[in-house]
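Remarks on the structure that follows.
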Number of protein chains: 2
Amino acid sequence: MELSERKKKVLRSVVDLYIRTAEPVGSKAIAELPDMKYSSATIRNEMAELTSLGYLEQPHTSAGRIPSAAGYRMYVDELMQDYRLSIDETRSINLAIEEKMQRVDRLVEKVAKLVSQATDLPAISAASRQGCPCVKRFDLILAGQGSIILVLMLPNDQVVNKLIKLPVEVSDTDLKLLSAVLNASMTDIPMESFTGELLEKVMRSAGAAASLVPVILDFTQETLKAQTSTNMAIAGRARLLGLPEYRDVDKAQRVLSSIDEEAFSNLPAVMQDANGTKVIVGPENIADELKDTSVVMTKFDIGDGLQGMIGVVGPTRMDYAKVTARLSYFAESLSKMFAKPETPQLPQPPGEEPNESPMTGGT
Amino acid sequence: MELSERKKKVLRSVVDLYIRTAEPVGSKAIAELPDMKYSSATIRNEMAELTSLGYLEQPHTSAGRIPSAAGYRMYVDELMQDYRLSIDETRSINLAIEEKMQRVDRLVEKVAKLVSQATDLPAISAASRQGCPCVKRFDLILAGQGSIILVLMLPNDQVVNKLIKLPVEVSDTDLKLLSAVLNASMTDIPMESFTGELLEKVMRSAGAAASLVPVILDFTQETLKAQTSTNMAIAGRARLLGLPEYRDVDKAQRVLSSIDEEAFSNLPAVMQDANGTKVIVGPENIADELKDTSVVMTKFDIGDGLQGMIGVVGPTRMDYAKVTARLSYFAESLSKMFAKPETPQLPQPPGEEPNESPMTGGT
DNA sequence: CTTAGCACTCGAGGAAACTGAGTGCTAATA
DNA sequence: TATTAGCACTCAGTTTCCTCGAGTGCTAAG
C-alpha cells in the first residue's frame, strides 16, 4: 500500500528528528516544524496510523514515537533527501586521500581510519582480489650458496618471490630448462588444475631439476591462495561509545566484540554482488548482537584486479543521508585516485548540479 | 624507608583484595583473612600509616582504602607473589600458538588476539626490526616488454623485488655490468651512506644502464626504511568494557580512543632498552587519558633480526601476578617456536620447581 | 603494643512524591 | 468530511528524603 503524501512527510520528519535527537519524537515537535501546516492533533492521528502500519513504535504509552526497522527501511529507500556535501567536506576528504598510500594492507588500515574520521563512526575497509588468480611467468635465479630465488609474476605486474635452498646440486642449464617447462605449461591457468597428468608431464620434462617442482608448486599455490584472501581493517571503534544508544556499557561491549570477531567477515562478499551503496538496517543484520546497529557500505575500484570496500557501522538511528553521501564521495575519490596512481586526479566537489549518490537499498 | 614486615603484609593484602573485588578494602576484611593474626583495630592503625606514607588512598572518609599508584608500584616491584600457571593454562597457550602463522603482519595480529584471549584484556603485539638494515645482494632480471625485475636480498634470507619499466633500452650485458657494480659497492652498508662520492662512483661505473641507478636506489631506500618500520596490532579492545572501572562510558571512550590513536606507538621503542617484563603503572603513563590504566609488556625473539613485543592494557587494578606470568610464558613459547620454526618445540609447563618469571619494574 | 568499644561520617540504596511530555478520545469547528 | 481544540489520563524520569551499615579515628583498658 502506498502511503499518502502527508504520511510520508510525517514519517520523514519523525525519522529526521529522531536521527538528530535520539529521543522519541512527539506529535507536538512535528507540528512545530517550519513547513508543517497541521496541528498536533492531526499529526497525532497520522502517527497513530503509521504506528499501526508498522513504521513507528512506541517505547511506552506516554512517550513519543521512534522509527521501527520498517520505518528506517522506508526512509532509506524512498524518503531520505540527498545530502549535499559542503565544499569543506569534499575538501577535507580530498586532503585526507591525497596522502601517499603504500602497501595494500597498510592502505586498508589507512582508508578505514579516514572513513571513520569523515563520518565520526567506526569504519570498515577491505580489499579483495577479483577473478581467478594465475601465474603469468616463472623465473628461477641461481643465488649462489646452493640456493635459488623463485620469482612469480602475477597478472597486474605484481611480483612475489622466495628463496629456496637446493636439496640437490642443480646447474644453470637445468634451471633454464625447468623455467622454460614451467612457463610453457603452468602459466595462465588456475591453480586448481595443478594436478594429475599436467603435474606428471612437468615432472617428466623437468629433467635434473625435477626435485624442485614440488617445492615450487607448493609455494605457488600458497601465493595464489594468499592473493585471493581478503584484507580488512576496522578503525574508530571508540566512536560508538560517544553515541547515546551505547551508553549501556554491556550493549556497547557486545557490539564491539562482535565487530572484532567475525561478524563482518562476510561483508566484502555481500558487497561483491551489490552495486552502488548498500544499507543494512538493524534487524536485517545477521548477528543477534547487532540488532539495532546498521551498516552502510559501498565499493570502489583499486585496479590491479583488486576490489575495495568501505563502510561504516553505526546505530540504526544514524544519519543515513549524510553517511551515504560521504561514503559515496569517498569511494568515488578513491577510485579516481587509483585509476591514475601517479597524479591523483580527485573528483571536483559538486558544484551547482545536484550531487547524485547512487543507491540501492537491498534487503 | 623500608616498611615493616607487617605493613608489607597489610599492603599486599589490600592490593590483592582490591584486585579481586574492585571495591575499597576495609580493615575488617583484612583482619578476617586466614593468616592475619591481628585485630581490625591494629590493621586500622597500620592502614592509617600506610595512607599517610602515600601507599593507600581513601575515596571518602567512611570508605575503605584503595592502593595509590605508589602502592601498586611497591606491590609490583616487591610484594607480589609469583603466580603459578596451571597445566590448563600452559596447555591452552601452547595450543593457541601451535596454529600455523604465516606472514609477519598477519602474525602480529594473530598474536595480539591470542594474548588478549589468554589474559582477558586488550593486548598489543608488535614486531620491529633490529639493527641497521642493508642489502646483501642485488639482482637484475630482464623481464621482457622493456622492463626488468629488481631483486634485493636482505640479511636473513628475505627477498624483495620490484618491476621497473625501462626508460631506455638496456641490453643483458649492461644489466650484468650494473648488478656487478651494485654488488661490489652497495652491499652490506647502511643506507645512510648511499650518497655523494659513492653514488657518483656507481653512476660512473654503471655505463649504459646508469639511468636506472636512481630508480633502483630509491626503491632500495624505501625498502630498507620499510624494514625498520614497526608492525603493530591491538586486539580485544572490547574486553575493557567488561571491567567495573570502565562502566563510565566516557572514560572508556577516552581510553579506547587513545589506544587507537598514537598512544602506544612508542611502546616497542620503550621495550627495546628494557629486558624481561616491564610494568607501567597508571600515572607513570605518558598520556593523560591513561591515568588509571596500566600496561604490562615483554619481549620475545622472532629471529631474522625481528624483535617481538607483547603486552596488555588494563586497569591499574589488574592482576599483575597472573598477567605477568601468562605474558612471560607466552613470550617464552613464541621465542622457542621461532627458534625452530619447522617443529615448534614448546616449553614444558612448569613442573614442581617454582616457575620463575623474570621481571624488572623500571619506572 | 594490642585490642575492645564507641561515637561519628557519609555514600549507597530505596520509597514516595512530583513533574511534565505525550497520548487517545470527544466534541466543536471550518 | 477533515481538522482542530480541549481534556483526562498515563507513566518514565527526577528529585527529595530517609534509613542503613560499613568503615573510621580515637580513647581507654588489657
Side-chain angles (χ1 to χ4, degrees), chain A residues 3-11 13-18 20-68 71 244-245 247-249 251, chain B residues 3-11 13-18 20-33 35-68 71 244-245 247-249:
Chain A
L3 294 180
S4 75
E5 271 314 307
R6 194 169 67 185
K7 278 205 180 51
K8 283 187 183 173
K9 193 165 178 182
V10 171
L11 179 51
S13 305
V14 170
V15 180
D16 277 339
L17 216 58
Y18 184 64
R20 265 226 315 281
T21 63
E23 307 254 296
V25 179
S27 53
K28 198 158 149 237
I30 299 294
E32 279 167 356
L33 289 177
D35 63 341
M36 189 59 66
K37 289 185 290 293
Y38 300 95
S39 75
S40 70
T42 311
I43 306 293
R44 213 143 51 227
N45 290 330
E46 292 289 42
M47 284 169 78
E49 286 185 54
L50 283 168
T51 304
S52 67
L53 286 171
Y55 292 112
L56 293 179
E57 286 174 354
Q58 225 173 350
H60 56 264
T61 354
S62 77
R65 305 299 213 285
I66 62 175
S68 70
E245 22 271 290
R247 302 303 301 184
D248 178 5
V249 184
K251 192 170 151 193
Chain B
L3 293 179
S4 74
E5 271 314 307
R6 194 169 68 187
K7 279 206 178 53
K8 282 188 183 173
K9 193 165 179 181
V10 170
L11 179 51
S13 304
V14 170
V15 179
D16 277 339
L17 216 59
Y18 184 64
R20 265 225 319 279
T21 63
E23 308 253 297
V25 179
S27 54
K28 200 160 146 236
I30 298 295
E32 278 165 358
L33 288 177
D35 64 340
M36 188 63 63
K37 290 185 287 293
Y38 299 94
S39 75
S40 69
T42 311
I43 307 292
R44 213 145 49 227
N45 290 331
E46 292 289 42
M47 284 169 79
E49 285 185 54
L50 283 168
T51 305
S52 68
L53 286 171
Y55 293 112
L56 294 177
E57 286 173 356
Q58 224 172 349
H60 55 264
T61 355
S62 78
R65 307 299 214 283
I66 63 175
S68 69
E245 23 270 291
R247 302 304 300 183
D248 177 5
V249 184

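Just so it is clear: chains get the letters A, B, ... in the order the sequence lines come, proteins before strands, and each one is counted from 1.
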Whole-Å gap separating [atom2] ([N]) and [atom1] ([X]):
| X | N | atom1 | atom2 | result |
| --- | --- | --- | --- | --- |
| N45(A) | dT26(C) | CG | P | 12 Å |
| E32(A) | dA21(C) | CD | P | 11 Å |
| H60(B) | dG11(C) | NE2 | P | 6 Å |
| K7(B) | dT2(C) | NZ | C1' | 14 Å |
| I66(A) | dA12(D) | CD1 | P | 14 Å |
| Y38(B) | dA4(C) | OH | C1' | 17 Å |
| L56(A) | dG24(C) | CG | P | 11 Å |
| K37(A) | dT4(D) | NZ | C1' | 16 Å |

Worksheet entry | Residue whose closest nucleotide on DNA chain C lies nearer the 5' end, A41(A) versus G26(A) |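 The residue whose closest nucleotide sits nearer the 5' end is G26(A).
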
Worksheet item: Starting at the 5' end of DNA chain C, which residue's closest nucleotide do you reach first, R6(B) or T51(A)?
Response: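 Result: R6(B).
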
Does [X] make a side-chain N or O approach to OP1 or OP2 of [N] shorter than 4.0 Å?
| X | N | result |
| --- | --- | --- |
| R65(A) | dT23(C) | yes |
| T42(B) | dT2(C) | no |
| S27(B) | dT24(D) | yes |
| S39(A) | dT4(D) | yes |
| T61(A) | dT23(C) | no |
| R44(B) | dG5(C) | no |

Worksheet entry | Nucleotide of dT3(D), dT9(C), dT2(C) approaching S62(B) most closely (side-chain heavy atoms) |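 Nearest to the side chain of S62(B) among the choices is dT9(C).
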
Worksheet item: Which nucleotide in the set dG24(C), dT3(C), dT24(D) lies at the smallest distance from any side-chain heavy atom of M47(B)?
Response: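 Looking only at side-chain atoms, M47(B) lies closest to dT24(D).
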
Fill in: Worked check of salt bridge (charged side-chain N to carboxylate O under 4.0 Å, His left out) between R6(B) and E46(B)
CA-CA 8 Å; R6(B) 194 169 68 187; E46(B) 292 289 42; 2.6 Å; yes

Worksheet item: Under 4.0 Å between a Lys/Arg side-chain N and an Asp/Glu carboxylate O for K7(B) and E49(B)?
Response: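 Looking at E49(B) together with K7(B), the answer is yes, because their closest N to O distance falls below 4.0 Å.
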
Practice prompt. Would you please test V25(A) and R65(A) for side-chain contact (heavy atoms from CB on, under 4.5 Å) and show each step?
Written response: CA-CA 5 Å; V25(A) 179; R65(A) 305 299 213 285; 5.7 Å; no

Worksheet item: Does K9(A) reach the side chain of M36(A), with side-chain heavy atoms less than 4.5 Å apart?
Response: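 In short, these two side chains touch, coming nearer than 4.5 Å.
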
Fill in: Any Y55(B) side-chain heavy atom under 4.5 Å of L3(B) side chain
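Y55(B) reaches L3(B) side chain to side chain.
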
